[in-house]
Amino acid sequence: MSRHQGANGKGKSSGRGRDNSKSKTYARGNAPIKKKAASKPNSNPDLIRLNKYVANSGMCSRREADQHIAMGLVTVNGKVVTEMGYKVKLEDEVRYDGARINPEKKAYVLLNKPKGFATTTSEQKGRTVMDLVANATSARIKPIGRLGRNSTGLLLFTNDEKVVARFTNSNKGVERLFHLELDKNLKFEDLKKIREGFKVEGKQVNVEEIDYVNNTKNEVGVKIKNTGNTILHTIFEHLKYELVRIDCVQIAHLTKKDIPRGNWKILTEQEVNTLKMM
């Protein structure tokens, strides 16, 4: 009998029999098809877990953020949230221990504003300063203070709430230097009056410094700490002068050097640190 004899024969089985499970093999391409895992629905890219939001702000680690959330130290749009896994939008107002936080990397952009652009984030106001800095950063920066549509000069943008608070602090503030051109020569007695401060409709108005520019009587340099330039209009209109040109030439230690009109620059680390220490 052949050595390939079947199970009923006396010969040794070759192991190639149809019913021998031990000999079962898969040729290339014939392996069992694995079922694909059910695809998960795409998560909303506009939402971020609250603990990640807090951690990204630099306040603490994500694990610590969970603990702070559980302790009720985090609020979202004014309401305490203790739910684990809670998700928020980037534009939501999130506060940690009372202070507003932001998960974005801090950005600081200095613009040399030209005429014809409104200082606003509204898209309903025609051309705005936001159009000029649109490509500066992906962070949601906003201008600090205001320059009139026809005013020119330096305007600082940031998403750093601490820096914004420093500018808007009524007791300290940050100095800004303006170069003003008037419709006529400024009388010395009016210059002296502005230096000393005076009241307009019962409200005290003061500037940090004022002087003629290069002995030109209709051009003055005025240093103020106000975030807007309304005070400049208030002062000179009260004294019967018309402001022909308003140009912000310096903010704290920041100047227009190497920033052509209509252009911007990202502040250096040293410039940012100096700004924070003021």
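- Using a 4.5 Å cut-off on side-chain heavy atoms (C-beta onward), Arg245 and His179 make contact.
- Heavy atoms only, all atoms of each residue included: Val213 and Val220 are closest at CG2-C, 3.4 Å.
- Summarising the local packing, CD of Glu269 is surrounded by 12 or fewer heavy atoms from other residues, nucleotides or ligands at distances under 6.0 Å.
- Linking Ile, Leu, Val, Met, Phe, Trp and Tyr residues whenever their side-chain heavy atoms come within less than 4.5 Å places Leu186 and Leu180 in a single cluster.
- The closest side-chain heavy-atom distance from Thr121 to Thr128 is not below 4.5 Å.
- Atom CG of Asn159 is separated from atom NZ of Lys105 by 11.0 Å, given to the nearest 0.5 angstrom.
- You'll find the side chain of Asp190 stays beyond 4.5 Å of the side chain of Lys240, heavy atoms only.
- Between the Thr158 side chain and the Ala107 main chain, a donor and an acceptor come within less than 3.5 Å of each other.
- Taking each heavy atom of Gly262 and Pro114 in turn, the nearest pair found is CA-CD, 3.8 Å.
- Using a 4.5 Å heavy-atom threshold, the side chains of Phe178 and Leu147 count as touching.
- Distance alone, capped at 3.5 Å, is enough to place a donor-acceptor pair between the Arg195 side chain and the Ile210 backbone.
- Side-chain contact between Leu275 and Phe167 is present, with at least one heavy-atom pair separated by less than 4.5 Å.
- Between Tyr241 and Phe236, the ring-plane angle classifies as perpendicular under the 30° and 60° cut-offs.
- If you chain together hydrophobic residues whose side chains sit under 4.5 Å apart, Val54 and Met84 fall into the same group.
- Around the NZ atom of Lys184, the shell of radius 6.0 Å holds more than 12 heavy atoms that belong to other residues, nucleotides or ligands.
- Once rounded to the nearest 0.5 Å, the distance linking OH of Tyr212 with CG of Asn218 reads 10.5 Å.
- In this structure, Val249 shares a hydrophobic cluster with Leu177, the cluster being traced through Ile, Leu, Val, Met, Phe, Trp and Tyr side chains under 4.5 angstrom apart.
- If you check the side chains of Asn263 and Asn112, you find no donor sitting under 3.5 Å from an acceptor.
- Taking every heavy atom of both residues into account, Ser151 and Asn229 meet most closely at OG-ND2, 3.5 Å.
- A distance-only check finds no donor-acceptor pair linking the side chain of Glu104 to the backbone of Lys106 [under 3.5 Å].
- At a cut-off of 3.5 Å, with distance as the only test, no side-chain donor of Asp92 or Tyr53 sits close to an acceptor on the other residue.
- Considering every non-hydrogen atom in both Ile69 and Glu83, the closest pair reads CG2-O, 4.3 Å.
- The cluster map of Ile, Leu, Val, Met, Phe, Trp and Tyr, joined by side-chain heavy atoms under 4.5 Å apart, puts Val133 and Leu155 in the same cluster.
- Remark: the backbone N or O of Leu132 is not paired with any side-chain donor or acceptor of Arg127 at under 3.5 angstrom.
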So Ile101 and Val94, side chain to side chain contact (heavy atoms under 4.5 Å, CB included) or not? Walk me through it.
CA-CA 6 Å; Ile101 59 176; Val94 179; 3.9 Å; yes
Set out, in order, the CA-CA distance, both residues' side-chain angles and the distance that settles side chain to side chain contact (heavy atoms under 4.5 Å, CB included) for Val80 and Val74, then state yes or no.
CA-CA 6 Å; Val80 174; Val74 179; over 6 Å; no
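- Taking the charged nitrogens against the carboxylate oxygens, Lys223 and Glu208 have no contact shorter than 4.0 Å, which rules out a salt bridge.
- Cluster membership for Val163 and Phe157, using ILVMFWY side-chain heavy atoms within less than 4.5 angstrom, is not shared.
- Residue Arg49 places its CZ atom among 12 or fewer non-hydrogen atoms of other residues, nucleotides or ligands, all under 6.0 Å distant.
- With hydrogens and angles disregarded, a donor-acceptor distance shorter than 3.5 Å links the side chain of Arg146 to the backbone of Thr119.
- Annotation: side chain of His233 is in contact with side chain of Ile246 (closest heavy-atom distance under 4.5 Å).
- Note that CD1 of Ile259 is 10.5 Å distant from CH2 of Trp264, once rounded to the nearest 0.5 Å.
- Remark: Asp247 engages Arg261 in a salt bridge, criterion side-chain N to carboxylate O under 4.0 Å.
- In this structure, the separation between CG on Leu154 and NZ on Lys113 is 11.5 Å, given to the nearest 0.5 Å.
- Atom CD of Glu189 has more than 12 heavy atoms from other residues, nucleotides or ligands within 6.0 Å.
- You'll find the side chain of Glu219 stays beyond 4.5 Å of the side chain of Leu182, heavy atoms only.
- Both Leu254 and Val164 are part of a single hydrophobic cluster, where members link through side-chain heavy atoms under 4.5 Å apart.
- Annotation: side chain of Leu156 is in contact with side chain of Leu267 (closest heavy-atom distance under 4.5 Å).
- Counting non-hydrogen atoms of neighbouring residues, nucleotides and ligands closer than 6.0 angstrom, the CG atom of Asn273 exceeds 12 such neighbours.
- One distance of note links CG of Asn206 with CD1 of Ile235; it measures 8.0 Å at 0.5 Å rounding.
- The structure places CD1 of Ile251 at 11.5 Å from CD of Glu271, a figure rounded to the nearest 0.5 Å.
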